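This report refers to the structure that appears directly beneath it.
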Amino acid sequence: MLAEHGLMIDSHGAMRAGDATFHSGWILHAAAANPTGILRAVMTIIYYADGVRVGEVLTPARQVDLEKWLPGCEPGGLAASEINPVVWPPGPN
């Protein structure tokens, strides 16, 4: 599929504990298999603009994500829930 669409492949190379990558969520990305017997811990942080609306749910996996990461939100509604606070500008203390 990559060749068919003329998409390029890029790699940052091996990473060590504490390294980080930053990319657009629209970028197709993956990690190579973990060849060790040690669980590889990952932390993901996703930022999006205040006022973004929830997209159409087209797959069962997206329904699971909607329920887990945007609880109480519906397609077409604001992507705003108790677990997704606005981080800028800061609110009153």
Side-chain angles (χ1 to χ4, degrees):
M1 180 184 91
L2 297 172
E4 178 182 323
H5 293 281
L7 301 173
M8 57 183 248
I9 298 175
D10 195 7
S11 174
H12 53 73
M15 296 183 72
R16 297 179 306 193
D19 286 349
T21 62
F22 298 86
H23 59 271
S24 166
W26 288 105
I27 292 177
L28 179 62
H29 58 283
N34 181 359
T36 73
I38 302 168
L39 180 64
R40 177 170 48 199
V42 175
M43 178 172 51
T44 301
I45 301 172
I46 299 172
Y47 294 96
Y48 55 88
D50 186 20
V52 166
R53 298 198 172 267
V54 176
E56 189 177 353
V57 177
L58 300 174
T59 67
R62 286 190 179 178
Q63 182 64 40
V64 170
D65 283 347
L66 174 61
E67 292 169 8
K68 183 171 186 173
W69 302 114
L70 291 167
C73 296
E74 298 290 332
L78 289 175
S81 72
E82 288 186 21
I83 66 170
N84 295 285
V86 173
V87 295
W88 187 261
N93 293 330

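These numbers come from a predicted model, not from an experiment.
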Worksheet item: For Leu39, does its backbone N or O pair with a side-chain atom of Asn34 as donor and acceptor, under 3.5 Å?
Response: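 Not a single qualifying donor-acceptor pair exists.
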
Item to complete: Could you tell me whether a side-chain N or O of Tyr48 sits under 3.5 Å from a main-chain N or O of Arg53, the two making a donor and an acceptor?
Response: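 It does not hold such a pair.
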
Spacing of [X] atom [atom1] and [Y] atom [atom2] [to the nearest 0.5 Å]:
{"X": "Leu7", "Y": "Met1", "atom1": "CG", "atom2": "CE", "value": "6.5 Å"}
{"X": "Trp88", "Y": "Tyr47", "atom1": "CH2", "atom2": "OH", "value": "12.5 Å"}
{"X": "Phe22", "Y": "Ile45", "atom1": "CZ", "atom2": "CD1", "value": "8.0 Å"}

Fill in: Results of side-chain hydrogen bond (donor to acceptor under 3.5 Å, both in side chains) for His23 - residues two or more places apart only
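Only His29 meet the side-chain hydrogen bond (donor to acceptor under 3.5 Å, both in side chains) criterion with His23.
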
Worksheet item: Transitively linked via ILVMFWY side-chain contacts under 4.5 Å: Val52 with Leu70?
Response: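 Val52 and Leu70: one cluster.
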
Compare every heavy atom of [Y] with every heavy atom of [X], then report the nearest pair and how far apart it is.
{"X": "Pro75", "Y": "Leu66", "result": "CD-CD2, 4.1 Å"}
{"X": "Pro71", "Y": "Ser81", "result": "O-CB, 3.5 Å"}
{"X": "Val54", "Y": "Ala79", "result": "CG2-CA, 3.9 Å"}
{"X": "Leu78", "Y": "Gly51", "result": "CD2-O, 3.6 Å"}

Worksheet item: With sequence neighbours left out, what residues match Arg62 under side chain to side chain contact (heavy atoms under 4.5 Å, CB included)?
Response: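 Counting only residues at least two positions away or on another chain, Arg62 forms a side chain to side chain contact (heavy atoms under 4.5 Å, CB included) with Val57, Leu58, Thr59.
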
Discussion item. Surrounding CG of Leu2 (heavy atoms of other residues, nucleotides or ligands, distance under 6.0 Å), is the total greater than 12?
Written reply: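 Atom CG in Leu2 is packed in, count exceeds 12.
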
